[in-house]
J.: 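Next up is a structure, given as C-alpha coordinates.
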Amino acid sequence: MDKLKMGDNLRIGIGDMSKMTGVSSRQLRYWEQKGYIKAMNEEEGGARKYGLGSMYKIFAIKHFLDEGYTLAKAVEKAELHRKEGILLHRVFRTLIKGIELTDETEIKGRVDLGTADSYHVYGVVDEKGTRIELEKE
DNA sequence: TTTCTGACA
DNA sequence: TGTCAGAA
(Lines give C-alpha, C1' and ligand atoms only; values in the text may rest on other atoms or scores of the structure.)
Protein backbone atom coordinates (compact mmCIF):
# COMPACT_ATOMS: atom_id res chain seq x y z
CA MET A 1 0.00 0.00 0.00
CA ASP A 2 2.80 2.41 -0.70
CA LYS A 3 0.69 5.10 -2.26
CA LEU A 4 3.75 7.25 -2.58
CA LYS A 5 2.60 8.68 -5.84
CA MET A 6 -0.84 10.15 -6.08
CA GLY A 7 -2.24 10.21 -9.54
CA ASP A 8 -1.22 6.67 -10.21
CA ASN A 9 -4.82 6.14 -11.11
CA LEU A 10 -4.90 8.74 -13.80
CA ARG A 11 -5.68 7.42 -17.24
CA ILE A 12 -5.61 10.07 -19.89
CA GLY A 13 -6.86 9.44 -23.39
CA ILE A 14 -4.96 10.70 -26.40
CA GLY A 15 -7.59 13.32 -27.14
CA ASP A 16 -7.43 14.91 -23.70
CA MET A 17 -3.66 14.61 -23.63
CA SER A 18 -3.48 16.45 -26.93
CA LYS A 19 -5.69 19.26 -25.66
CA MET A 20 -3.80 19.56 -22.37
CA THR A 21 -0.29 19.55 -23.80
CA GLY A 22 -0.86 21.17 -27.14
CA VAL A 23 0.78 18.21 -28.87
CA SER A 24 -1.29 16.76 -31.70
CA SER A 25 -2.61 13.24 -31.44
CA ARG A 26 -0.68 12.46 -34.61
CA GLN A 27 2.53 13.55 -32.90
CA LEU A 28 1.76 11.55 -29.78
CA ARG A 29 1.29 8.39 -31.84
CA TYR A 30 4.46 9.11 -33.75
CA TRP A 31 6.47 9.76 -30.58
CA GLU A 32 5.22 6.51 -29.17
CA GLN A 33 6.14 4.68 -32.37
CA LYS A 34 9.64 6.10 -32.06
CA GLY A 35 9.79 4.95 -28.45
CA TYR A 36 10.00 8.45 -27.00
CA ILE A 37 6.93 8.03 -24.84
CA LYS A 38 4.93 5.06 -23.74
CA ALA A 39 1.24 4.45 -23.31
CA MET A 40 -0.37 1.81 -21.21
CA ASN A 41 -2.26 -0.26 -23.73
CA GLU A 42 -4.65 -1.94 -21.41
CA GLU A 43 -7.41 -3.66 -23.35
CA GLU A 44 -10.08 -1.24 -24.57
CA GLY A 45 -10.58 -1.19 -28.27
CA GLY A 46 -6.88 -0.56 -28.57
CA ALA A 47 -7.31 3.00 -27.37
CA ARG A 48 -4.21 4.36 -25.65
CA LYS A 49 -4.20 5.52 -22.07
CA TYR A 50 -1.46 7.72 -20.71
CA GLY A 51 -0.34 8.05 -17.12
CA LEU A 52 0.83 11.09 -15.18
CA GLY A 53 4.44 10.29 -15.96
CA SER A 54 3.77 10.39 -19.66
CA MET A 55 2.11 13.74 -19.25
CA TYR A 56 5.17 15.22 -17.57
CA LYS A 57 7.42 13.86 -20.26
CA ILE A 58 5.20 15.10 -23.05
CA PHE A 59 5.16 18.57 -21.50
CA ALA A 60 8.93 18.47 -21.17
CA ILE A 61 9.49 17.38 -24.75
CA LYS A 62 7.15 20.05 -26.03
CA HIS A 63 8.94 22.63 -23.93
CA PHE A 64 12.29 21.89 -25.56
CA LEU A 65 10.68 21.52 -28.95
CA ASP A 66 9.31 25.04 -28.56
CA GLU A 67 12.81 26.24 -27.76
CA GLY A 68 13.90 25.11 -31.16
CA TYR A 69 15.39 21.70 -30.54
CA THR A 70 14.76 18.85 -32.94
CA LEU A 71 12.45 16.12 -31.66
CA ALA A 72 15.36 13.77 -30.93
CA LYS A 73 17.26 16.46 -29.03
CA ALA A 74 14.15 17.57 -27.18
CA VAL A 75 13.63 14.01 -25.99
CA GLU A 76 17.26 13.79 -24.86
CA LYS A 77 16.89 17.05 -22.98
CA ALA A 78 13.67 15.89 -21.37
CA GLU A 79 15.15 12.61 -20.18
CA LEU A 80 18.29 14.32 -18.92
CA HIS A 81 16.22 16.94 -17.17
CA ARG A 82 14.21 14.25 -15.41
CA LYS A 83 17.30 12.42 -14.24
CA GLU A 84 18.85 15.63 -12.99
CA GLY A 85 15.66 16.33 -11.12
CA ILE A 86 15.75 12.93 -9.47
CA LEU A 87 19.40 13.39 -8.52
CA LEU A 88 18.71 16.83 -7.09
CA HIS A 89 15.77 15.50 -5.14
CA ARG A 90 17.76 12.60 -3.70
CA VAL A 91 20.65 14.82 -2.68
CA PHE A 92 18.55 17.34 -0.85
CA ARG A 93 16.16 14.83 0.62
CA THR A 94 19.08 13.21 2.44
CA LEU A 95 21.01 16.38 3.18
CA ILE A 96 18.32 18.64 4.49
CA LYS A 97 18.13 18.75 8.27
CA GLY A 98 15.32 21.22 8.52
CA ILE A 99 13.34 23.94 6.81
CA GLU A 100 11.94 27.13 8.24
CA LEU A 101 9.70 29.56 6.44
CA THR A 102 10.34 33.19 7.34
CA ASP A 103 7.42 34.45 5.34
CA GLU A 104 3.95 32.97 5.30
CA THR A 105 2.85 34.53 2.05
CA GLU A 106 5.97 34.48 -0.03
CA ILE A 107 8.42 31.68 -0.63
CA LYS A 108 11.16 32.86 1.66
CA GLY A 109 13.01 30.95 4.30
CA ARG A 110 16.05 29.00 5.30
CA VAL A 111 17.06 25.41 4.70
CA ASP A 112 19.32 23.70 7.22
CA LEU A 113 21.94 21.77 5.32
CA GLY A 114 23.79 20.52 8.36
CA THR A 115 27.40 21.12 9.23
CA ALA A 116 30.63 21.15 7.28
CA ASP A 117 33.89 21.51 9.18
CA SER A 118 32.98 23.81 12.03
CA TYR A 119 30.29 25.66 10.14
CA HIS A 120 26.59 25.28 10.00
CA VAL A 121 25.41 25.54 6.39
CA TYR A 122 22.15 27.15 5.37
CA GLY A 123 20.48 27.69 2.04
CA VAL A 124 18.73 31.04 2.27
CA VAL A 125 16.00 32.55 0.14
CA ASP A 126 14.85 36.10 0.86
CA GLU A 127 14.35 39.47 -0.84
CA LYS A 128 18.07 39.61 -1.57
CA GLY A 129 17.94 36.38 -3.50
CA THR A 130 19.11 32.83 -3.01
CA ARG A 131 22.44 32.01 -1.43
CA ILE A 132 24.45 29.89 0.97
CA GLU A 133 25.19 31.18 4.45
CA LEU A 134 27.69 29.82 6.94
CA GLU A 135 27.44 30.12 10.69
CA LYS A 136 30.24 29.16 13.01
CA GLU A 137 29.31 26.32 15.33
C1' DT B 1 -17.90 10.73 -31.17
C1' DT B 2 -13.31 9.27 -30.53
C1' DT B 3 -9.43 6.56 -31.67
C1' DC B 4 -6.72 3.33 -34.64
C1' DT B 5 -3.61 2.31 -38.60
C1' DG B 6 -1.87 3.28 -42.99
C1' DA B 7 -0.96 6.33 -46.76
C1' DC B 8 0.34 10.60 -49.24
C1' DA B 9 -1.95 16.41 -53.39
C1' DT C 1 3.33 16.48 -39.29
C1' DG C 2 -1.23 17.33 -41.19
C1' DT C 3 -5.05 15.10 -43.00
C1' DC C 4 -8.11 11.76 -45.13
C1' DA C 5 -9.97 7.08 -45.36
C1' DG C 6 -12.35 3.00 -43.55
C1' DA C 7 -13.17 0.30 -39.46
C1' DA C 8 -14.08 -0.48 -34.50
Side-chain angles (χ1 to χ4, degrees):
Chain A
M1 305 349 147
D2 36 26
K3 296 269 182 177
L4 224 65
K5 295 179 182 175
M6 310 246 260
D8 265 356
N9 323 308
L10 285 183
R11 291 294 181 284
I12 309 169
I14 195 170
D16 292 325
M17 184 61 84
S18 177
K19 290 174 185 172
M20 294 179 67
T21 64
V23 177
S24 72
S25 56
R26 173 72 174 81
Q27 281 177 296
L28 291 175
R29 295 191 187 97
Y30 179 66
W31 293 3
E32 184 184 337
Q33 181 196 331
K34 299 283 283 185
Y36 296 152
I37 58 174
K38 59 177 181 177
M40 29 184 82
N41 284 316
E42 295 175 28
E43 35 210 319
E44 315 296 334
R48 296 171 175 71
K49 288 299 177 185
Y50 296 101
L52 191 60
S54 293
M55 192 181 83
Y56 287 141
K57 188 166 186 181
I58 292 167
F59 266 118
I61 294 173
K62 178 179 171 45
H63 171 75
F64 292 117
L65 225 40
D66 290 340
E67 287 193 338
Y69 291 96
T70 61
L71 177 56
K73 290 295 181 186
V75 172
E76 270 184 49
K77 282 270 188 179
E79 294 177 341
L80 212 61
H81 184 265
R82 184 182 64 80
K83 289 177 182 173
E84 289 172 349
I86 291 174
L87 177 62
L88 196 61
H89 187 266
R90 285 185 184 172
V91 167
F92 279 97
R93 188 209 300 156
T94 56
L95 258 47
I96 288 178
K97 304 304 178 187
I99 299 179
E100 50 180 296
L101 246 43
T102 57
D103 193 310
E104 294 292 327
T105 56
E106 295 181 67
I107 311 298
K108 293 177 180 175
R110 193 169 72 158
V111 177
D112 185 347
L113 297 174
T115 58
D117 290 326
S118 56
Y119 288 95
H120 207 117
V121 185
Y122 293 99
V124 180
V125 176
D126 59 20
E127 57 285 334
K128 299 174 188 170
T130 303
R131 63 185 178 286
I132 290 291
E133 281 190 357
L134 301 177
E135 280 183 16
K136 242 177 182 169
E137 285 289 83

J.: Which side chain to side chain donor-acceptor pair (under 3.5 Å) pairs, counting each pair once, include a residue from residues 90-99 of chain A, with sequence neighbours left out?
T.: A:His89-A:Arg93
J.: Counting runs of three or more consecutive pairs, Watson-Crick or G-U wobble, with each distance below 3.5 Å, where are the stems of DNA chain C?
T.: B:2-8 with C:2-8
J.: Base, sugar-phosphate, or nothing for A:Ser24, non-hydrogen atoms under 4.0 angstrom?
T.: sugar-phosphate
J.: Do other residues, nucleotides or ligands put more than 12 heavy atoms under 6.0 Å from A:Ile107 CD1?
T.: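 It does not: A:Ile107 CD1 has 12 such atoms or fewer within range.
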J.: Atom CG in A:Leu10, atom NZ in A:Lys49: separation rounded to 0.5 Å?
T.: 11.5 Å
J.: Table please: side-chain donor-acceptor pairs of residues 14-21 of chain A below 3.5 Å, with sequence neighbours left out.
T.:
from: A:Ser18; atom 1: OG; to: A:Val23; atom 2: O; distance (Å): 2.8
from: A:Thr21; atom 1: OG1; to: A:Met17; atom 2: O; distance (Å): 2.8
from: A:Thr21; atom 1: OG1; to: A:Val23; atom 2: N; distance (Å): 3.3

J.: With clusters built from Ile, Leu, Val, Met, Phe, Trp and Tyr whose side-chain heavy atoms come within less than 4.5 Å, directly or transitively, what are the remaining members of the cluster of A:Tyr122, listed by chain and number?
T.: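 Besides A:Tyr122, the cluster holds A:Val124.
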J.: Give the table of side-chain donor-acceptor pairs shorter than 3.5 Å for residues 74-86 of chain A, with sequence neighbours excluded, one pair per line with atom names and distance.
T.:
from: A:Lys77; atom 1: NZ; to: A:Tyr69; atom 2: OH; distance (Å): 3.3
from: A:Glu79; atom 1: OE2; to: A:Lys57; atom 2: NZ; distance (Å): 2.9

J.: A:Glu127: what forms a salt bridge (charged side-chain N to carboxylate O under 4.0 Å, His left out) with it, not counting sequence neighbours?
T.: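 Counting only residues at least two positions away or on another chain, A:Glu127 forms a salt bridge (charged side-chain N to carboxylate O under 4.0 Å, His left out) with A:Lys108.
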J.: Would you mind building the protein contact string for nucleotides 3-8 of chain C? One character per nucleotide, 5' to 3', B for base within reach (heavy atoms under 4.0 Å), S for sugar-phosphate only, - for untouched.
T.: B-----
J.: Taking only residues two or more places apart in sequence, or in another chain, which ones meet A:Phe64 in a ring pair (Phe, Tyr, Trp, His ring centres under 6.0 Å)?
T.: none
J.: Out of curiosity, does A:Val111 fall in the hydrophobic cluster containing A:Leu101 (side-chain heavy atoms, cut-off under 4.5 Å, transitive links)?
T.: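 Cluster IDs for A:Leu101 and A:Val111 differ.
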J.: List the residues meeting salt bridge (charged side-chain N to carboxylate O under 4.0 Å, His left out) with A:Asp117, not counting sequence neighbours, and say none if there are none.
T.: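 Listed in chain order: nothing, the list is empty.
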J.: Is it true that atom CD of A:Glu104 has more than 12 heavy atoms of other residues, nucleotides or ligands lying nearer than 6.0 Å?
T.: no
J.: side-chain hydrogen bond (donor to acceptor under 3.5 Å, both in side chains) with A:Glu100: which residues, sequence neighbours excluded?
T.: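 By the side-chain hydrogen bond (donor to acceptor under 3.5 Å, both in side chains) rule, A:Glu100 matches A:Arg110.
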J.: Across the strands shown, which category fits A:Arg48 at heavy-atom distances under 4.0 angstrom: base, sugar-phosphate, nothing?
T.: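 The answer is sugar-phosphate, as A:Arg48 gets under 4.0 Å only of primed atoms, P, OP1 or OP2.
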J.: For DNA chain C, determine which residues of residues 57-64 of chain A have any heavy atom closer than 4.0 angstrom to one of its atoms, and list them numerically.
T.: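 Residues of residues 57-64 of chain A under 4.0 Å from DNA chain C: none.
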J.: Give the first and the last nucleotide of DNA chain B, reading 5' to 3', that has any atom under 4.0 Å from a heavy atom of chain A.
T.: B:dT3 to B:dA7
J.: Just to verify, which of A:Arg26, A:Lys38, A:Arg48 counts as forming a salt bridge (Lys or Arg N to Asp or Glu O under 4.0 Å) with A:Glu32?
T.: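 Among the candidates, only A:Arg48 passes.
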